[in-house]
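Down below is the structure, laid out as C-alpha cells.
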Amino acid sequence: MKRTVKRFLEGLGVVALVQGALGLVHGTTGRLRGWGLVQRLGVLDGYESYTSVALLVPSCALFAAAGSRESG
C-alpha cells in the first residue's frame, strides 16, 4: 500500500514537472507549441509562465513527499 502511494506521488510529480518545464520552454522560446497542457487552457491566457512556475513548485513538494515515504 505504501509503495502504491509513493508511486502515485512520484507520478504526479513527474507530470507536474514535465508540464511546468514545457510551459516555461514555450513561454521563453515559443517552441513546443501544443505540447503542454498549460497552453491549451484558454483560461490561463497571459498567465502561462506563472502557471508553469506554479507547477514546478508542487512537483518538488510531491517528490519530497514521495521520498519521505518508507518503502516496504
Side-chain angles (χ1 to χ4, degrees):
M1 178 72 170
K2 288 184 180 183
R3 182 170 240 189
T4 305
V5 173
K6 182 177 179 177
R7 283 192 175 180
F8 179 72
L9 291 174
E10 288 174 345
L12 280 178
V14 167
V15 169
L17 179 70
V18 168
Q19 290 299 317
L22 285 172
L24 284 178
V25 167
H26 176 70
T28 56
T29 65
R31 295 178 190 231
L32 302 176
R33 183 174 183 92
W35 281 50
L37 180 65
V38 173
Q39 290 81 26
R40 294 177 184 249
L41 298 175
V43 176
L44 300 173
D45 282 347
Y47 297 101
E48 291 93 353
S49 296
Y50 299 115
T51 306
S52 298
V53 171
L55 280 171
L56 293 174
V57 172
S59 71
C60 295
L62 286 167
F63 288 134
S68 70
R69 290 282 203 202
E70 302 233 358
S71 60

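In what follows, every heavy atom counts, from backbone to side chain, and hydrogens, waters and symmetry copies are set aside. Computed from a predicted model, the values in this text were never measured in an experiment.
Between the CG atom of L17 and the CG atom of L22 there is a distance of 9.5 Å, given to the nearest 0.5 Å. Distance check, rounded to the nearest 0.5 Å: CZ of F63 to CG of L12 gives 9.5 Å.
E10 and A66 make their closest contact through CG-CB, 3.5 Å (heavy atoms, listed as atom of the first residue, atom of the second, distance). Residues H26 and R31 share a closest heavy-atom pair of ND1-O, 3.2 Å. Scanning both residues, G20 and S52, for their nearest heavy atoms gives O-CB, 3.4 Å. Counting all heavy atoms, side chain and backbone alike, L24 lies closest to S49 at CD2-O, 4.0 Å.
V57 and Y47 sit in two unconnected hydrophobic clusters of ILVMFWY residues. Membership requires side-chain heavy atoms under 4.5 Å apart, directly or through other members. Clustering ILVMFWY residues whenever any of their side-chain heavy atoms sit less than 4.5 angstrom apart, transitively, puts V5 in the very cluster that holds F8.
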*Kindly indicate, with the supporting measurements, whether the criterion side chain to side chain contact (heavy atoms under 4.5 Å, CB included) is fulfilled by L62 and V14.*
CA-CA 9 Å; L62 286 167; V14 167; over 6 Å; no
